[in-house]
Amino acid sequence: MTLFPDLVDGVLSESIIGRARAAGILDIRTHNIRDYTLDRHRRVDDTPYGGGMGMLMSPQPVCDCYDAVKAEIGADKRSLTVYMSPKGKVLTEQKARELSGYDSIVILCGHYEGIDQRALDMIVDEYVSIGDYVLTGGELAACVLVDAVGRLVDGVLASPVCYESESLTDGLLEYPQYTRPPVYRGVAVPEVLLSGHHANIEKWRAEQALITTERMRPDLLRKRDGDDGVIR
Ligand code: 6GU
């Protein structure tokens, strides 16, 4: 649900998510909140009571759009309504995994200075942020959410192995990877990767994941599930 459906559709029509949509694996629909306004000038915003800067999105078009979306989803689906907002909990891989378990997710994008609180209280289950900075609207954040959650849906990636070994799945960053040629501008690929010795390669990758995480994001090591402070 957005005032800028073309922005969202453009981003989510490319690459892996775009392909999954074309293949019918992901059903992603945009709904223009403006289509639901009862205002004769098609307005969707108004000045805030009590004064202050900017404009607020009015409750009527938001709630009527929501009713139409819910009718489309049907009552039998396990569905969650998320409002993209810097007030929300910051999106993590764990949160993305949790959201990927729903049958459908309704994402509400605000613009201008936000949305009338009554509409939010009536329809939103959860607020989600994508980081501690402010965007001009929720659309780009919604695209980030759909990308992060969509790729976890069965059939979107080539193989489940794609997310078993990658960054953050086990709370660690990914080990470095190399392709041909074996020497590029005088720099050789680590010897062990050319050895064909799979046990040694696995051991090297596990070590490199730890080293990379310690060097780039030491905070992630302290946050791992069941962390006892020992680096292994
Ligand atoms: Cl979800 N929305 C907006 N407007 N700004 C943000 C955000 C969301 N997450 C981080 N900044």
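Because the structure is predicted, anything quoted here is derived from the model rather than measured. Values reported hereafter were calculated over all heavy atoms of this structure, with side chains retained and with hydrogens, waters and symmetry mates removed. Numbering of ligands and ligand atoms starts at 1, following listing order.
- Side chain of R151 to main chain of L157: no donor-acceptor pair is present (N/O by atom type, distance under 3.5 Å, no hydrogens or angles).
- Closest to atom 10 (C) of ligand 1 among all protein heavy atoms lies G131 O, 3.0 Å.
- The protein non-hydrogen atom at the shortest distance from atom 11 (N) of ligand 1 is Y133 O, 2.5 Å.
- Close contacts of ligand 1 with A141, meaning ligand atoms under 4.0 Å from a residue heavy atom, involve 1 (Cl), 8 (C).
- Here the straight-line distance linking atom NZ of K223 with atom CG of L220 works out to 6.0 Å at 0.5 Å rounding.
- Atom 5 (N) of ligand 1 has as its closest protein heavy atom L135 N, 3.1 Å.
- With rounding to the nearest 0.5 Å, the separation of CG in D147 from OG in S15 is 7.5 Å.
- Neither the backbone nor the side chain of D132 comes within 4.0 Å of ligand 1, counting heavy atoms alone.
- Atom OG1 in T92 sits 9.0 Å away from atom CG in L168 (nearest 0.5 Å).
- What sits closest to atom 9 (N) of ligand 1 on the protein, heavy atoms only, is I130 N, 2.9 Å.
- Of all the heavy atoms of S129, the ones lying under 4.0 Å from any atom of ligand 1 are found in both the backbone and the side chain.
- When atom types are taken as modelled, the side chain of D103 and the backbone of R78 share a donor-acceptor pair closer than 3.5 angstrom.
- Close to ligand 1: V128, with a non-hydrogen atom less than 4.0 angstrom away.
- For atom 2 (N) of ligand 1, the nearest non-hydrogen atom of the protein is P86 CD, 3.6 Å.
- Within the model, atoms CD1 of I211 and CG of L173 stand 12.5 Å from one another, a figure rounded to the nearest 0.5 Å.
- Contact annotation for S85 and ligand 1: only backbone heavy atoms (N, CA, C, O) come within less than 4.0 Å of the ligand.
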- request: Could you go through the side chain to side chain contact (heavy atoms under 4.5 Å, CB included) check for Y83 and I107 one step at a time?
  value: CA-CA 6 Å; Y83 176 49; I107 306 175; over 6 Å; no

